Amino acid sequence: MTPLRHHRISRLADTLRRDISAGRVVTAGPAYDAGRRIWNDAVNCRPGLIVRCTNPSEVRTAVLTAQEFEIPLSVRGGGHDWAGRALSDGGLTIDLSEMRQVTVDPVARIAEVSGGATAADLARAVLPFGLTAATGAAGSVGVAGLTSGGGYGPLTGRLGLALDNLVSAEMVLADGSVMTVDEERAPDLFWALRGGGGNFGVVTSMNVRLHALPTPLSGLVLFPWIRSASVLAGLAGLLPEIPDELTVQFGVMSGPMGEPSTFLAPTWSGDDAVAGERAMARLDTLGKPLFSRIRRMTMPEILADTDSRFPFGVTPRFAPVPYRRSHVECGTSCSWRAPP
C-alpha cells in the first residue's frame, strides 16, 4: 500500500470508529485475517480495512463513509464467491459474518434471515419445525449472496431457485437509505435483486419462503474421468424423464487417488419413497461408478456432506462442468418448474 493510500485508509478508519466500535473496524490482526478469509483460498486480496457490521445502521455508516473517502467497497456475506468479489483489495470490505440470525415463523412458513447467515444457519434453524428452504449446495454459502445470484441447490427441481422463494429484503442503498423491497414496494428493485447480483445495495436481511418436505434421499456417485462423456451424455438423455422431485448436481472433483473424476450428487425430495428409489436406480445405468452412497439425510446433513468434500478456505481442485441451458444450469440438472 502506498503512503498516500495508507494515510487515506487511516483517516477512513478513524472516521468510522466515531460511530462503530473500534474493535469492529480493523486493518490488521486476527479479526482482520478472519474477515479476509474466504472459501477460495487461491484469492489473496487484502482490503485496506474491514468493518464487521452488526446492524443496518453500521452498514449505512460504512457505505456513506466509503463514498465520502472515494474508497472501493465490497460486501462479504458467506465469502463463497469463486472470484473473491467479497473482498475489496485495498478498499473497504463490509463483513456481515456477525449478522447470522435466523427467525422462523412456522405458521406463515417464512424465515427472516440476516445478511451474513449461511445456508447451514438457515437449514438448521428451520429443521425443528419440520420445514426446509431452497438453499445452495454448500452449507457455508451466504443466503443473501446465493439468492441475489440465482441460487441453485439440492432442491431446485421441486422448490425452484433460491430467488423464486424470496419474499422481501431489507437493503441499504448507495445513498444510505434503508428500505424494504418486495413485489409491492420498489417492485423493479425487487425484480433485479432476484438473480441480478450484488450491485443494487447491501442486503441486511431477507424473508424467504419455507416448505414442508419429507427427509430427502441424497448422496454421491463418483465415476472415473475416462467415462465422463458417456456419463454426462447418458444423464442428459435421462433428464426429460426425471421427475421434478429429483435434482442431480454434478461436476468434477478429485477421486480416491487424487485423479480427476466426475461426480453426480442426486437428491430426491418427493413424498413417494419407492418412486425416489426407482428414479435413483436409473442413475446406475450410466456406468460403473468408483463410489456410490445414497441414503436418507436431513438438509443440514446434505449441506455438511458437501462442505466436507469442498471445505471452506481450501484452494479448489475441481471445476463445474460446462452447462447446457435446456436442463443443466451451473452444475445442477433437473426437470425444473417454478414452485407454486
Side-chain angles (χ1 to χ4, degrees), residues 19-20 51 53-68 70-78 80-81 85-86 88 91-105 107-119 121-122 125-126 133-136 141-153 156 159-211 337-340:
D19 298 304
I20 300 175
V51 184
C53 295
T54 60
N55 56 61
S57 177
E58 292 178 347
V59 172
R60 178 179 185 275
T61 297
V63 168
L64 293 178
T65 307
Q67 290 193 52
E68 177 186 348
E70 299 182 342
I71 293 291
L73 178 69
S74 69
V75 182
R76 181 188 184 280
H80 220 275
D81 177 65
R85 287 171 291 188
S88 176
L92 187 155
T93 291
I94 295 175
D95 182 4
L96 301 180
S97 60
E98 294 188 29
M99 297 174 61
R100 295 178 59 172
Q101 299 85 357
V102 178
T103 304
V104 181
D105 183 339
V107 177
R109 292 187 178 178
I110 297 290
E112 181 180 351
V113 186
S114 295
T118 65
D121 295 329
L122 175 57
V126 304
T135 70
V141 68
V143 175
L146 168 80
T147 304
S148 62
Y152 64 89
T156 296
L159 302 185
L161 300 172
L163 64 84
D164 294 305
N165 293 273
L166 179 63
V167 177
S168 64
E170 179 187 72
M171 303 177 64
V172 177
L173 304 185
D175 64 359
S177 58
V178 181
M179 65 183 303
T180 299
V181 300
D182 55 25
E183 290 183 341
E184 297 182 356
R185 294 169 288 185
D188 289 345
L189 180 55
F190 183 63
W191 174 85
L193 185 63
R194 290 176 291 169
N199 292 322
F200 304 103
V202 183
V203 175
T204 51
S205 69
M206 285 182 164
N207 283 343
V208 300
R209 189 174 294 107
L210 305 176
H211 306 266
R337 60 181 173 80

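Everything quoted here is computed from the prediction, not taken from an experiment.
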**Prompt:** Hey, mind stepping through S114 and Q101 against side chain to side chain donor-acceptor pair (under 3.5 Å) and telling me if it holds?
**Reply:** CA-CA 5 Å; S114 295; Q101 299 85 357; 2.9 Å; yes

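- Looking only at side-chain heavy atoms (C-beta outward), T147 and M206 come within less than 4.5 Å of each other.
- Scanning for side chain to side chain donor-acceptor pair (under 3.5 Å) contacts around T204 gives E170, with sequence neighbours left out.
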**Request:** Go through the steps for V202 and L96 under the test side-chain contact (heavy atoms from CB on, under 4.5 Å), then give the verdict.
**Result:** CA-CA 10 Å; V202 183; L96 301 180; 4.2 Å; yes

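- Proximity of a side-chain donor or acceptor of S148 to a complementary backbone N or O of G145 within less than 3.5 Å is detected.
- Scored by the salt bridge (charged side-chain N to carboxylate O under 4.0 Å, His left out) test, D95 finds R76 as partners (sequence neighbours excluded).
- Inter-residue side-chain proximity for T61 and V59 is flagged as unmet; no heavy-atom pair is nearer than 4.5 Å.
- Put simply, the side chain of V51 does not reach to within 4.5 Å of the side chain of T93, judged on heavy atoms.
- The shortest distance between side-chain heavy atoms of Q67 and D175 does not fall below 4.5 Å.
- E58 places a side-chain N or O within 3.5 Å of a backbone atom of T54 that can act as its donor or acceptor partner.
- Taking CH2 of W191 as the reference point, atom CD of E183 lies at 14.0 Å (rounded to 0.5 Å).
- Proximity of a side-chain donor or acceptor of T156 to a complementary backbone N or O of Y152 within less than 3.5 Å is not detected.
- Formation of a donor-acceptor pair under 3.5 Å by the D164 side chain with backbone atoms of L159 is not found in this model.
- For S168 and N207, the side-chain atoms include at least one donor-acceptor pair closer than 3.5 Å.
- L193 is listed as a side-chain neighbour of V203, based on a closest heavy-atom distance under 4.5 Å.
- Of the possible polar contacts, one joining the D81 side chain to the R85 backbone as a donor-acceptor pair under 3.5 Å is found.
- With contacts defined as side-chain heavy-atom distances shorter than 4.5 Å, the pair T135/L122 qualifies.
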